[in-house]
Amino acid sequence: MKPGGTAGACAALVRRDLTLVWRRRGDALNPILFALMVVALFPLALGPEPEQLRRIAAGIVFVALLLAGLLALDTLFRSDYEDGSLEQLVLSPHPLALLLACKIAVHWLTTALPLIAVAPLLGEMLHLPVAVRGVLLLALLLATPLLSLLGAVCVALTVGMHRSGMLLALLVLPLYVPVLIFGAGACNAAQAGLPFLAPLLWLAAALVLALVLAPLACAAALRISIS
Amino acid sequence: MKPGGTAGACAALVRRDLTLVWRRRGDALNPILFALMVVALFPLALGPEPEQLRRIAAGIVFVALLLAGLLALDTLFRSDYEDGSLEQLVLSPHPLALLLACKIAVHWLTTALPLIAVAPLLGEMLHLPVAVRGVLLLALLLATPLLSLLGAVCVALTVGMHRSGMLLALLVLPLYVPVLIFGAGACNAAQAGLPFLAPLLWLAAALVLALVLAPLACAAALRISIS
Amino acid sequence: MHEITDSDHRPALLQAIGLGFARNDEPIFGPLDFALHAGEVVLMEGDNGAGKTTLLRVLSGLLAPTSGEIRLHGAPLRLADLSPQVALLSHQGGLKHDLTALENLRFAAGLHGQRKGISPHSALAAVGLDGYGEVLVRQLSAGQKKRVALARVLLAPVGLWLLDEPYANLDRGGIELVNRLLERHAHDGGAALITSHGAYAYTSGTPRRIALRAQAATGAVR
Amino acid sequence: MHEITDSDHRPALLQAIGLGFARNDEPIFGPLDFALHAGEVVLMEGDNGAGKTTLLRVLSGLLAPTSGEIRLHGAPLRLADLSPQVALLSHQGGLKHDLTALENLRFAAGLHGQRKGISPHSALAAVGLDGYGEVLVRQLSAGQKKRVALARVLLAPVGLWLLDEPYANLDRGGIELVNRLLERHAHDGGAALITSHGAYAYTSGTPRRIALRAQAATGAVR
Amino acid sequence: MNILTLWFHKLGSPPTFYRLAGLLLPWCYGIGLLLGLVALYSGLVLAPRDYQQGDAYRIIFVHVPAAWMSLFAYAFMAANAFIALVWHIKLSEILAMASAPVGAAFTFIALVTGALWGKPMWGTWWTWDARLTSELVLLFLYLGVIGLNAAIEDRRQAARAAGFLALIGVVNLPIVHFSVTWWNTLHQGSTIRLMGPSKIDAAMAWPLLLMALATHIWFFGSVLMRARIALLQLEGGKDWVRKVALDEGAAGG
Amino acid sequence: MAEFITMGGYAFYVWASIGVFVGVLALDALAPLAQRRRVLADIRGRLQRRAAREQREHGGSP
Ligand code: HEM
Ligand SMILES: Nc1ncnc2c1ncn2[C@@H]1O[C@H](COP(=O)(O)OP(=O)(O)OP(=O)(O)O)[C@@H](O)[C@H]1O
Ligand SMILES: Nc1ncnc2c1ncn2[C@@H]1O[C@H](COP(=O)(O)OP(=O)(O)OP(=O)(O)O)[C@@H](O)[C@H]1O
Ligand SMILES: [Mg+2]
Ligand SMILES: [Mg+2]
């Protein structure tokens, strides 16, 4: 390992975080189970008529994944803060934003990607038309990284706080609203046979912007809240 | 204060917990805001047509309150465990189940009751028919203490674990399912003009049972997980 | 209640008979035999992880021993009805940070009862925190928090104190305070079992010491 | 880079000029002036809450000072580009409990770089944890965790060590180990600032001491 | 040091600011109250009835100024947060955090009066159109800022973190304002223009503008009031604060 | 006058709006007063404690 190289540092970070997830691979299933249960609540609460469920399926899948992602957000920096390794990260000679981008990427890979993988199953539970499934997956692929990036900024602001769960939700959800509108909007448009490209393009544009800005904002937020 | 009296101990506990809530009264708003936001997510995800929203309103309100209650559950024993006052509670010469029942009652009063109070507002946001509102409130009044009691047992089991947030959700949600079915079922029946008394009576019966058994189970669970 | 007496023929406040505790079948501390009499302060020493905290939690009834027996005043301690005869000071302190020092003590008095001749106010004064009654515990320094927790122990109407590292976090004044409190408690007919791995410890008189050794299944009473 | 020298005409690894920090406008430590030269170990003493930890965090660049300036090798420390010239050992240790000791050290080497002539393996051996490389940190005792954290400091390619209570949690063998490591580091031209309020402290030679007093706006260098 | 920071340092010396704000306060509250009462009187009594909406339109005199203030307060808060983050100016931190609760209050008023107006006009309290939704999001943003500020112990750190959040939320402002033109919604488009021809009768316009002026002045009074308290809290250890506290104690008994 | 109060049948909506406007702004003005009193009392308490401590310390070591 060449010491000091920024690429090397990022690689070490990614390797470490992946190892940590692997060591606790049981926990990695939790968001999926949570999403499954939330989705399962709806037929129970609304009654089982397939017609009605079909109409609201895409929206509910979106909301369930969003909530599952929200609950998973907490783990992004929490343990790193508690055991002091976040401090070490901040003290490293490499650009913090880059290191955080790596962390966010690993977090997305290990929490959001599995959620996307079960999305078709969730859709099936609510009788989502097969034709919409492709749009749903595409929308999720664009929306979830965006959610992770936006969420990371808010988590960085609340890191180091006790009982941040609810507060985090309060901070994050307003920022998630546009993503939800465009993402679920695309699915609903597809289901209604309307053009659905525009909202997806908006999501893509927002994603590009967030990819650049969010790690920087996250680093700044972290510097504020670690002090 | 007469020392040693069990009633005095319960009173002291209730007074203390209420004082604590009052000291952090800002936090007490969080469940309400969370429920508001979750309810707001659905029209955004599903589209704003009042007709469609009206049909699923009761179910969504129930699910939102259930999720808000779920997130609030975590605070029931968490801080008491962390600062060691749970230990002191267990070591006190009074029946633990009774003390825990007091704690659960205060928790219900300070988290669930405000949620019930905003339920009509949530219903209005989803265009819930006014006629159903009464049944919704009644169902919530029966269901939420039940949820608090069932949840408390699960929290007692997971207290002292790190990262219990998701795990708690997984433990609790299956127990909540029957409550949800009966509670939301009553509302849906009322909305459809069908008789809705039976599910409410079931809820009431379950509540009576839980009032007796849950504190005992909670005490037993706590003894296990504190060791 | 008939009194169990050991070789000294004094009544034993606390007696451990073949007491052992294991986690996942790995012994934390071995079969221990010792007795604690009124007027005695016993110091338990051991390296990190030797099992001191665990022993105190077993003795207080929070953990069930894997083997052996505990007797308080000669009567066996059962898990179900936890004894009101023990005051435990643990690592965390058991204070609510959002209550004031006095509110915390008042709650403790309500829950555990209150020793005759002492009030939350005077307990606070006894630990040198006059005038801090209305301060939120969150705003106290670590050492001051420790003192409030000690005031709680002082307040409890019990004879047996189990103190886990009462000296940790305290500066020299605090250490002397603890020693004074222990002396007075022993003088009044109470008993205390305290743990420490620091250099400061209860030194007045020559307290008996129990040495715990990590993972070794032996505990020797010197 | 031009060297700042103080009265001794030796280059200062670390220099604090009128350094102060306040929280909510309450001063935590007063304006401090001191310099740390190569080959020096300085011991910082103070009661609980005197501000020792805070000072180390300010010196490492984690906290921005409220007043004054910090210079490393004569160049001012800026918050934005945090310096790779400091190794900080803090209360928490900065170890992942779910990784093994070696994995933790390898990650540290990847992040901070690695001192010439030392590897994660040999660093672990240097702190007396030969053969514990493959053990999860979670399964180590508090003292062993502290040793792994020390190995991380040993591994970092920096001249300046900031160690917060390196003696805490360690038994006697560990305390001697820390003293030996400090001596060697100073001998190799490094410098260290360490805090302690315990009785054990770096005693070889006569280390300079800095006394911090709680909430008093004065810090005196003896 | 540029002009801006110089100015802030001069005026921003806490005791000076405290004293100046104390002098301004009664005037802000007084004039705000007076103008508000005049505006209410002329809006409720003098202004003619609307030919379409009847008397229900009179809600405009509270709804629209409150809605405007909800946007203005956020902009004011964000601007101060920006200054605070870039130049580390204590006074800006305080002003930003002081405007959050006032802004939230106005947002709440706009939402409630909007709903009260919507029931008779649209037949429903609430719909999920772009303007209503984005205004609701604005309320949540305010509450998030307030919550974050309250959750952090260190006052200055709290102000910086919450200010940072406020800056992120700025994207919502144009959405609220332009939602009526970007999406077709139930909600009314712009009718009032300060420049160019207004689509509203002058007899209705001037009480509205008067009320808008009154709410602005009131806003500054309320912000100054809160800023003074925050300053006392922040500078609790300083001599001038002690003097204030002791004087007050002597006066209050 | 009656016309003024009934607001052409919209009395509830108009007067509720005005009420909310006035009520919330009144709260907005009153809330800081209580907070101000609390903050000042807190500062005075701190001063008293410090004075007491100093007195104790001087009394202890003359
Ligand atoms: C809960 C429901 C409502 C909300 C949240 C709401 C929100 C707002 C907001 C935020 C503005 C300021 C926009 C800006 O300055 O860019 C505004 C302005 C306005 N609103 Fe509403 N509104 C609601 C209901 C209504 C209703 C029912 C009416 C009338 C039928 C109405 C009439 C107006 C008018 C006339 C303006 C002034 C527009 C202008 O000239 O810029 N609003 N509203
Ligand atoms: N909750 C727990 N679960 C599993 N193991 C535990 C738990 N608590 C303690 N242990 C283990 O039991 C052993 C004894 O721990 P204990 O806390 O009693 O030690 P101690 O003597 O109090 O040490 P210290 O001086 O650090 O306080 C240690 O090896 C520790 O790792
Ligand atoms: N995050 C924080 N927020 C607010 N106050 C803090 C924070 N950290 C420390 N303090 C306060 O700052 C002061 C100095 O704390 P610091 O941790 O530097 O003391 P210390 O000398 O390291 O004490 P110890 O010996 O207990 O480690 C204390 O009064 C403490 O209460
Ligand atoms: Mg211990
Ligand atoms: Mg420290």
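In what follows, chains carry the letters A, B, and so on, assigned in the order in which the sequence lines appear, proteins first and then strands, with residues in each chain numbered from 1. FYI, side chains are in, hydrogens and waters are out, and symmetry mates aren't considered; it's all heavy atoms of this structure.
- A heavy-atom distance below 4.5 Å is found between the side chains of B/Phe42 and A/Val63.
- Within the 4.5 Å cutoff, the side chain of B/Phe34 has no heavy atoms near those of the A/Leu167 side chain.
- Most heavy-atom pairs under 4.5 Å with chain A, from the set B/Leu67, B/Leu33, B/Leu71, B/Val38: that is B/Leu71.
- Residues of residues 116-123 of chain A placed with any heavy atom under 4.5 Å of a heavy atom in chain B are absent; none qualify.
- Using a 4.5 Å heavy-atom cut-off against chain B, no residue of residues 127-144 of chain A qualifies as contacting.
- Residues of residues 172-206 of chain B that come closer than 4.5 Å to chain A, counting heavy atoms only, are B/Leu173, B/Pro174, B/Val177, B/Leu180, B/Ile181, B/Ala184, B/Asn188, ordered by residue number.
- Near-neighbour residues of residues 47-56 of chain B relative to chain A, defined by a heavy atom under 4.5 Å from a heavy atom of that chain, comprise B/Gly47, B/Gln52, B/Arg55, B/Ile56.
- For the atom pair CD1 (B/Ile60) and CG (A/Leu41), the distance works out to 12.0 Å, reported to the nearest 0.5 Å.
- The most heavy-atom pairs under 4.5 Å with chain B, out of A/Gly59, A/Ala72, A/Ala45, come from A/Ala45.
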